[in-house]
Protein chains: 2
Amino acid sequence: MKGVYSYSMDNSLRILKEHDIRPTQQRLEVHLILLKQAKHLTAEEIYEKVKVKMPAISPATVYTILDLFKQKHVVNEIRIQFDKSCFEARIDPHHHFLCKHCRNIFDINIKPCPALETRTIEGNLIEELQGYFYGTCRKCLEKNDDKPV
Amino acid sequence: MKGVYSYSMDNSLRILKEHDIRPTQQRLEVHLILLKQAKHLTAEEIYEKVKVKMPAISPATVYTILDLFKQKHVVNEIRIQFDKSCFEARIDPHHHFLCKHCRNIFDINIKPCPALETRTIEGNLIEELQGYFYGTCRKCLEKNDDKPV
DNA sequence: TTAGTATCAATAATCATTCTTACCTAAAAA
DNA sequence: TTTTTAGGTAAGAATGATTATTGATACTAA
């Protein structure tokens, strides 16, 4: 257990250093949570998880850290839900799907996606892109669950 | 002038009726503004514009109307800006570009966009999709304006 | 007419996020 | 070692878009 934890923490340490981020305890913890989770977490979910290890941390600190991580490109921010942001450690461009029923978010792979393969569109330079899909996921379709929550 | 106005208002009236929306004064006015503008407006911008004709209207009413319009598919909501929504009368699926410099929003046409052409992805049923591109628009590139606002 | 329904304005409430301030710590300089 | 400096953080207040609530009014159908 200690081994796994250390390994991941070392991973976070290396990643932060590689991106010129001074590795404080708080930053390491936030990064490790995103790395371990391998899922999309809201700022509040991250805050709740950090608080287990560091009860004194404040939400503002989590927001500050996530902001820094965004700037340094170690996390990706997703606004697929209208009322709050999610964050993920995966940083290569890819699309997302939000199920209206179970509210789960899935990564989407569109094989040849022209949007993901160009640097410019109609003369405009693309520096970031987000593809959001809304609908009913496979599992909820199988359940024949037609009413959105 | 009267002619143009009436024509547009008739347009709005027809569109609302076609979508089973009882045409009240407020709803017609909000719809007409979006129709005439042919651009992306925030809820607040719409509110400011309606207020010129109907000084008694409240922001809550505008939100309610826009919500109804969304449900009935007469407007499209765009969350390309993180802190507020924009609305447009164009309802066919298309992507958007936000320039980090001039903050303008442009419609984007990707010729063969697989995302716009499928109903399902990996077994998930797509009911709505939003493609958001962030970067530097053609005009700002020409100005060699490299610093985001 | 009259009951029932829908709409709307106004205000208050919510809630994610940001701002402000002050404290603390760690590294650099003396 | 002490001083200095800069950056990081906690706490709580502030912001601001959006939503909920409520009471009044207008429409609809019998």
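Only heavy atoms go into these numbers, but all of them, side chains included; no hydrogens, no water, no symmetry mates. In what follows, every chain begins at residue 1, and chains take the letters A, B, ... in the order their sequences are listed.
- Separating the NZ atom of A:Lys72 from the P atom of D:dG7 is a distance of 12 Å, rounded to the nearest angstrom.
- Here salt bridge (Lys or Arg N to Asp or Glu O under 4.0 Å) pairs that include residues 65-86 of chain A, with residues two or more places apart or in two chains, are A:Asp67-A:Lys70, A:Lys70-A:Glu77, A:Glu77-A:Arg79.
- To the nearest angstrom, P of C:dC8 lies 12 Å from CG of B:Leu66.
- Every residue meeting the salt bridge (charged side-chain N to carboxylate O under 4.0 Å, His left out) condition with B:Glu127, not counting sequence neighbours, appears here in chain and number order: A:Lys100.
- Following rounding to the nearest Å, B:Ile57 (CD1) and D:dA24 (P) show an atom-to-atom distance of 21 Å.
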Annotated protein contacts, base or backbone, on nucleotides 12-19 of chain D with a non-hydrogen cut-off under 4.0 Å, one of B, S, - each: B----SBB

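- Between the CG atom of A:Leu32 and the NZ atom of A:Lys36 there is a distance of 5.0 Å, given to the nearest 0.5 Å.
- Residues from residues 18-25 of chain B placing a heavy atom under 4.0 Å of any atom in DNA chain C, listed by number, are B:Arg22, B:Thr24.
- Contacts of B:Arg138 classified as side-chain hydrogen bond (donor to acceptor under 3.5 Å, both in side chains), with partners at least two apart in sequence or in another chain: none.
- Projected onto DNA chain D by closest heavy-atom contact, A:Leu68 and A:Ala56 fall at different nucleotides, the more 5' of which corresponds to A:Leu68.
- Distances shown here put every side-chain N or O of A:Gln81 at or beyond 4.0 Å from the OP1 or OP2 atom of C:dA16.
- Listed by chain and residue number, A:Thr61 satisfy the side-chain hydrogen bond (donor to acceptor under 3.5 Å, both in side chains) test with A:Ser58 (two or more places apart in sequence, or in another chain).
- Atoms CG and NE2, from A:Leu116 and A:His95 in turn, are 4.0 Å apart once rounded to the nearest 0.5 Å.
- A pairwise comparison of heavy atoms in B:Ile91 and B:His73 identifies CD1-O, 3.5 Å as the closest pair.
- Comment: A:Lys51 engages A:Glu48 in a salt bridge, judged by a side-chain N to carboxylate O separation of less than 4.0 angstrom.
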